[in-house]
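Accompanying notes for the structure given below.
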Amino acid sequence: MKKSSHSIEVQINANPDTVWEIIGSGKDVDKWLTPITSCKVEGDKRYCATVEGSFEEDILEVDHINKKFTYFIPKQHILPVKDIEGNMEVKPINENSASVLWSWNYLVEDTDDQKVREALNGLGEMGIKGIESFANNLVS
């Protein structure tokens, strides 16, 4: 396996503080990322489930000043990767829009890397757009 990384950044029309409240809480992933069917946070652990099974995440850092959320997933069943470290960062643009950068570092077989990058693009865009909808529903 080799170390690899990927990131996606999407500008959304939602209040940056509301977007950060969603991401920074660590909760409610099931409300903005369709494959996740349930999610709960207990201390520095996040537990997520999909229809295929469940996985556990370690919450490594919640940086409220820089609006960065970092987590680690040692094992999961969604992608052919191991040791995923994910980082989500909210970059305010103005009162009604933000850019969300979602990046990942992971271990992957060389033959799977391109497929994983494509899947992360899809998951990332789906998740960030889901956060936009969830944020706008909270304020309306």
Side-chain angles (χ1 to χ4, degrees):
M1 298 195 101
K2 70 171 190 171
K3 287 185 177 184
S4 192
S5 62
H6 190 66
S7 64
I8 183 170
E9 188 165 4
V10 178
Q11 184 174 329
I12 57 175
N13 295 314
N15 177 276
D17 292 331
T18 305
V19 171
W20 173 245
E21 284 176 31
I22 293 166
I23 292 172
S25 76
K27 305 181 300 182
D28 296 324
V29 178
D30 53 320
K31 293 185 172 59
W32 53 264
L33 188 59
T34 307
I36 305 299
T37 56
S38 70
C39 173
K40 70 178 179 177
V41 174
E42 293 177 357
D44 64 353
K45 296 280 188 193
R46 179 163 62 183
Y47 302 92
C48 296
T50 68
V51 291
E52 290 90 24
S54 59
F55 56 94
E56 181 181 305
E57 302 179 4
D58 297 316
I59 298 172
L60 301 178
E61 181 181 26
V62 182
D63 179 346
H64 293 290
I65 293 169
N66 296 303
K67 294 181 170 53
K68 290 183 182 180
F69 183 91
T70 306
Y71 61 95
F72 180 74
I73 307 172
K75 292 181 353 187
Q76 47 72 50
H77 57 277
I78 299 171
L79 296 170
V81 298
K82 291 182 181 173
D83 296 344
I84 301 170
E85 183 176 303
N87 184 46
M88 298 185 82
E89 180 180 354
V90 179
K91 301 175 182 178
I93 295 171
N94 59 43
E95 186 179 306
N96 298 311
S97 65
S99 181
V100 177
L101 173 65
W102 197 350
S103 57
W104 304 268
N105 295 306
Y106 50 89
L107 294 175
V108 64
E109 294 295 340
D110 199 34
T111 54
D112 290 331
D113 199 21
Q114 187 57 38
K115 178 173 55 176
V116 167
R117 290 169 183 273
E118 291 168 12
L120 289 172
N121 272 341
L123 276 171
E125 187 158 341
M126 175 195 311
I128 295 169
K129 290 296 193 178
I131 290 168
E132 178 181 43
S133 296
F134 187 42
N136 288 325
N137 286 335
L138 287 176
V139 231
S140 51

Could you measure the distance from the NZ atom of Lys27 to the NZ atom of Lys40? Nearest 0.5 Å is fine. 13.5 Å
Can you check whether Ser99 reaches Ile93 side chain to side chain, under 4.5 Å on heavy atoms? yes
To the nearest 0.5 Å, tell me how far Asn96 CG sits from Thr18 OG1. 9.5 Å
Indicate yes or no: at least one non-hydrogen side-chain atom of Asp28 is less than 4.5 angstrom from one of Ile22. no
Does Asp17 have any side-chain hydrogen bond (donor to acceptor under 3.5 Å, both in side chains) partners at least two apart in sequence or in another chain, and if so, which? none
Side chain of Glu85, backbone of Asn105: donor and acceptor closer than 3.5 Å? no
Using the side chain to side chain contact (heavy atoms under 4.5 Å, CB included) rule, take Lys45 and Ile59 through it: C-alpha gap first, then chi angles, then the decisive distance, then the call. CA-CA 6 Å; Lys45 296 280 188 193; Ile59 298 172; over 6 Å; no
Would you say the side-chain atoms of Asn121 and His6 include a donor-acceptor pair closer than 3.5 Å? yes
With a 4.5 Å cut-off on side-chain heavy-atom distances among I, L, V, M, F, W and Y, is there a chain of contacts connecting Phe134 to Ile12? yes
Indicate the atoms forming the closest heavy-atom contact of Met1 with Leu107, along with that distance. CE-O, 3.6 Å
Shortest non-hydrogen contact from Lys75 toward Phe55: O-CB, 3.6 Å
Side-chain heavy atoms of Val100 within contact of Glu9, under 4.5 Å: no
Is it true that Leu101 and Trp104 fall in one hydrophobic cluster, defined by side-chain heavy atoms closer than 4.5 Å? no
How long is the straight-line distance from CG of Asp44 back to CZ of Arg46, given to the nearest 0.5 Å? 12.0 Å
Is it true that a side-chain atom of Asn15 and a backbone atom of Glu95 form a donor plus acceptor pair closer than 3.5 Å? yes
If you look at every heavy atom in Ala14 and Val19, which pair is closest and at what distance? CB-CG2, 3.7 Å
Are the side chain of Arg117 and the backbone of Ser5 linked by a donor-acceptor contact shorter than 3.5 Å? yes
Heavy atoms of other groups near Glu125 CD, more than 12 under 6.0 Å: no
Lys2, NZ atom: more than 12 neighbouring heavy atoms under 6.0 Å: yes
From NZ (Lys129) to CH2 (Trp32), nearest 0.5 Å: 14.5 Å
Among all residues two or more places apart in sequence or in another chain, which pass the side-chain hydrogen bond (donor to acceptor under 3.5 Å, both in side chains) test with Ser97? Asn94
Hey, are Glu61 and Lys68 close enough for a salt bridge, meaning a charged N less than 4.0 Å from a carboxylate O? no
Hey, does Pro35 have a side-chain heavy atom less than 4.5 Å from the side chain of Leu33? yes
After noting the C-alpha distance and the side-chain angles of Glu89 and Asn66, does the key distance pass the side chain to side chain contact (heavy atoms under 4.5 Å, CB included) rule? CA-CA 8 Å; Glu89 180 180 354; Asn66 296 303; 5.8 Å; no
Among Ile128, Leu120, Leu123, Val10, find the residue that satisfies the side-chain contact (heavy atoms from CB on, under 4.5 Å) test when tested with Trp102. Ile128
Partners passing side-chain hydrogen bond (donor to acceptor under 3.5 Å, both in side chains) against Thr70 (at least two apart in sequence or in another chain): Asn87
Residue pair Pro80 / Glu109, side-chain heavy-atom distance below 4.5 Å: no
Which heavy-atom pair separates Trp20 from Asp63 by the least distance, and what is that distance? CZ2-O, 3.6 Å
Please report the interatomic distance CZ(Phe72) to CG(Leu60), rounded to the nearest 0.5 Å. 7.5 Å
For Phe69 and Ile23, which heavy atoms make the closest approach, and how far apart are they? CD1-O, 3.5 Å
Flag, side chain of Glu21 to backbone of Ala135, donor-acceptor distance under 3.5 Å: no
Quick one: CG on Asp112 to CG on Leu79, what's the gap to the nearest 0.5 Å? 10.0 Å
ILVMFWY network linking Ile78 to Met126, side-chain heavy atoms under 4.5 angstrom: yes
Residues Thr50 and His77: closest non-hydrogen pair is OG1-NE2, 2.6 Å
Please test Lys115 against Glu118 for salt bridge (charged side-chain N to carboxylate O under 4.0 Å, His left out), starting from the C-alpha separation and ending with a verdict. CA-CA 5 Å; Lys115 178 173 55 176; Glu118 291 168 12; over 6 Å; no
